[in-house]
Amino acid sequence: MRLFIGVAVFLLVQTVGHGAPADGSRPWDDRSLSADQRADLVIAQLTLDEKIQLVHGIGWGPLKAGSPVPASNNGGAGQLIGIARLGIPDLQQADSAVGIRMAALHGRYATLLPSVLGAASSWDLEGAHLYGDVLGRELRAQGYSQSIGGGVNLAREPRNGRLFEYAGEDPLLAGMMVGNLIQGVQANHIMGDIKHFALNDQETGRTVVDARISHKAARESDLLAFEIGIRIGQPASVMCSYNKVLGDWACENDWLLNQVLKGAWKFPGFVVSDWDGTHSTDKAVSAGLDVQMPGEEFLGAPLKESIHAGRIPLARLDDMVHRLLRSMFNVGVLDFPSVPRGVVDPFKGLEDAQHLAEESIVLLKNAAVLPLDAGSIHSIAVIGAHADVGILSGGGSAQVDAPGGNAIDPRTPTQWGKPVYFPSPPLRYIREHAPAATVRFNSGTDPVAAAALAKDSDVAIVFADQYMSEGGDAPTLLLPGKQNDLIAAVAAANKRTVVVLVTGNPVSMPWIDQVAGVMEAWYPGVGGGQAIANLLFGTVTPSAKLPISFAKSELDLPHQELFDVVPRTPRDESDSKWVEDKRKRESFPANYTEGARVGYKWFDSEGKQPLFPFGFGLSYTTFRYSDLHVDAAKRTATFTIANTGARGGVEIAQVYVALPPKSAEHFRRLAGWQRVTLKAGEQKTVTVSMEPLTLAVFDEKKDAWTWIPGSYRVSAGASSRDLPLQAEAKLY
Ligand code: BGC
């Protein structure tokens, strides 16, 4: 009987919304109405104070020691108090870029997924959806209503400390991956977010740097990633960033928020400030900011005063509240509240994380050394990067707590700026794959000892890692510390040396010609050790391709130095450790003179050879491309791919387009792709649709996208630099 009553109450809560009276006094509970209509019905009942309450948070809460934490707080980075008398729940926001932050602090567990940059290396839209689904279902289990992840800042600066939270350098790939990720989050009735809007492309001086770029170039690069991501994901909110753009802070930037986001793109959701990214009341609200986080300095009492004084019309406040409420109704946080809270399923989380890692690890070099054959190898040296105990994760607000504590330092709680290793030791899983071999570990702190072990082994696997975190950038592209020396020493001792990189960012590889194999594992998440071992031994065939170019050195980048008003001199190139940038400084410009030529577009138009190009990645099998046909009317490219090797595999087939000469562009643009699964010997004909915005140019005079009539060169192949199929077509 008790069980029956329990189930009945649960069903009632699910059906009519949490705590709703059944007398029809809450007409917004009617699900047949649109989200906009439901929001307006609520607004009609709100007092001025209640409206103000809905446009700001409660303060830093659990993020800062000493800040008040209301009893209703769920432990996330942000909380906005709802209107209990009307059944409008609090907004409970959690950082969840690569998994839910601060779980351990609240006695919970959350799955650490591979980095977003890693996931973007899969080019797998279903995988991106799954990624968001893991986040959404775990946020739901933990009682949250909003994810504040969805990072899609374009990788304009390869040393950016937050690249691991973002989806690479191409606006189509990044926008589509993050858009699908957001769909996965919101399918769980958890509000999604996309951030950081916009041009927050380096962490050095992030609260004062002023991004300078033309409207045209911005619309064709960084903003295009947002445009596509928002179109696909329809997130509840857009988080405006800390930096300035063309002289105005992003959170009070009329061009970004009113003109582009809400005007051109007709974004119906709310703009939320990054934490302490609000700088004014009237200017910010007039420019399009809807919700201040985490506190109320500008959108609390000062906003009420501005309304009374007539500086901000009441209609604008209603619009702000409408945007918040319509997003809540639209995603279903009222109809499907994330209460009662539960626990996440760690097994399902691990399974999903490992699957995503296995399709995100990029095989960059393989001189006939991989996959390792456990039957013929007698001894393996595993070296470096704490591979005996764990695998590195990214830091900052994207830090997920490791189960059992930091694998290299279990007793120390998670600290901002301190590397956290997850208990997924590659050594253990390498041993599992090669039970008959002698597998020995060397920490790599002494290159001479490491080289001696390598010399005495059939194969040497060197792990090298790079800790990255919000708040700072990598001063150089070099691996931090003495790891380049370590790799060179091991490679000199053993020809069969394989390097496994566990990095947030692309790195340069001065030793590339000396090693037999290289795998970029990014931050592979809680199943990282298992995934790496499965790829090394060929249980899984690598399929990932780079979502970002790897430069040989800084000399080939558009900007050899990070923008910084205080030059970092003298600079010690050998010590590229991550440094948090805490200096309070005057604003300084970041002149993005490369414009829309981000990443491979820069390398291609400048005629520079990257170390590894965008879209590149090897497999344990081989593929052949043939027979390209372009349907100009449908804007599709059809071609055949054959698996010409002895194993099954997945090929990420890419289509690039060069615009007609009138564009004056000297590079190709990624226009579409398809992941194709092929058994050994199998072939398939695939048709790839070309995204119209990747064929467009932004016309500043018309303030609109336009298409140049003429002949477009369409290319298809395995990477941005390996395009065997070419055709000309009048696409417009
Ligand atoms: C970060 C955001 C994050 C917020 C809340 C800020 O420092 O830039 O990405 O969501 O903090 O933790």
Side-chain angles (χ1 to χ4, degrees), residues 56-65 67 69 73-80 91-103 105-106 110 115-117 135 139 144-153 157 160-167 178 181-182 185 190-209 211 226 229 235-245 249-251 270-279 289 291-295 394-401 414-417 468-473 504 580-582 584:
H56 63 76
I58 52 105
W60 284 92
L63 284 183
K64 267 192 189 155
S67 302
V69 181
N73 188 273
N74 194 49
Q79 182 179 5
L80 185 154
L91 199 62
Q92 302 280 1
Q93 301 170 312
D95 276 312
S96 37
V98 297
I100 305 172
R101 182 186 178 194
M102 296 191 297
L105 185 67
H106 310 293
S115 67
V116 178
L117 192 60
L135 298 176
L139 285 162
Y144 288 106
S145 46
Q146 181 165 32
S147 155
I148 41 172
V152 76
N153 292 89
E157 169 48 72
N160 178 352
R162 301 189 79 169
L163 280 196
F164 75 93
E165 299 183 49
Y166 306 147
V178 172
L181 183 157
I182 294 166
V185 171
I190 295 293
M191 293 157 80
D193 176 61
I194 195 164
K195 71 185 185 185
H196 309 82
F197 194 61
L199 291 142
N200 180 185
D201 292 345
Q202 68 170 40
E203 289 295 285
T204 303
R206 65 172 170 165
T207 57
V208 289
V209 61
F226 278 94
S237 67
V238 171
M239 186 191 290
C240 50
S241 54
Y242 283 133
N243 54 293
K244 292 182 174 184
V245 176
W249 266 296
C251 289
F270 62 100
V271 175
V272 59
S273 73
D274 198 344
W275 270 229
D276 265 1
T278 309
H279 294 267
L289 179 68
V291 172
Q292 180 188 357
M293 276 290 160
S397 61
Q399 182 68 65
V400 175
D401 294 331
T414 309
Q415 287 169 6
W416 187 271
M468 297 300 292
S469 171
E470 172 183 342
D473 300 309
E580 189 177 1
D581 186 19
K582 280 192 172 138
K584 282 263 174 256

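One-based numbering, in listed order, for ligands and for the atoms of each.
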Using non-hydrogen atoms of the residue, decide whether Met239 is closer than 4.0 angstrom to ligand 1. yes
Could a heavy atom of Arg101 be found less than 4.0 Å from some atom of ligand 1? yes
Hey, does His196 come in under 3.5 Å of ligand 1, counting only N/O atoms on both sides? yes
Between Gln93 and ligand 1, find which residue part has any heavy-atom pair under 4.0 Å and reply side chain, backbone, both or neither. neither
Minimal non-hydrogen separation, Thr414 against Asp401, with atom names: OG1-OD1, 3.0 Å
Counting from 1, what ligand 1 atoms have a heavy atom of Arg162 closer than 4.0 Å? 1 (C), 2 (C), 8 (O), 9 (O)
Would you check if the side chain of Ser469 reaches a backbone N or O of Gly396 as a donor-acceptor pair within less than 3.5 Å? yes
Nearest candidate to atom 8 (O) of ligand 1, where distance is taken over non-hydrogen atoms, out of Asp193, Asp274, Ile148: Asp274
May I ask you to identify the nearest protein heavy atom to atom 5 (C) of ligand 1, giving residue, atom name and distance to one decimal place in Å? Asp95 OD2, 3.2 Å
Taking only heavy atoms of Lys195, which atoms of ligand 1 are found under 4.0 Å from at least one of them? 2 (C), 3 (C), 9 (O), 10 (O)
Where is the tightest heavy-atom contact between Gln93 and Trp275, given as atom of each residue plus distance? OE1-CH2, 3.5 Å
I'd like to know if the side chain of Glu203 and the backbone of Gly161 have a donor-acceptor N/O pair within less than 3.5 Å. no
Tell me whether the rings of His279 and Trp249 are parallel (<30°), tilted (30 to 60°) or perpendicular (>60°). parallel
heavy-atom search around atom 7 (O) of ligand 1 in the protein gives Glu470 OE2, 2.5 Å
Side chains of Ser237 and Asp193, donor plus acceptor under 3.5 Å: yes
Under 3.5 Å, is there a donor-acceptor pair between the Asn73 and Gln79 side chains? yes
Scan Arg162, Glu165, Arg206 and name whichever one has a side-chain hydrogen bond (donor to acceptor under 3.5 Å, both in side chains) with His196. Arg162
Closer than 4.0 Å to some heavy atom of Ala77 - which atoms of ligand 1 meet that? 5 (C), 12 (O)
Against ligand 1, does Glu165 come closer than 4.0 Å with any heavy atom? no
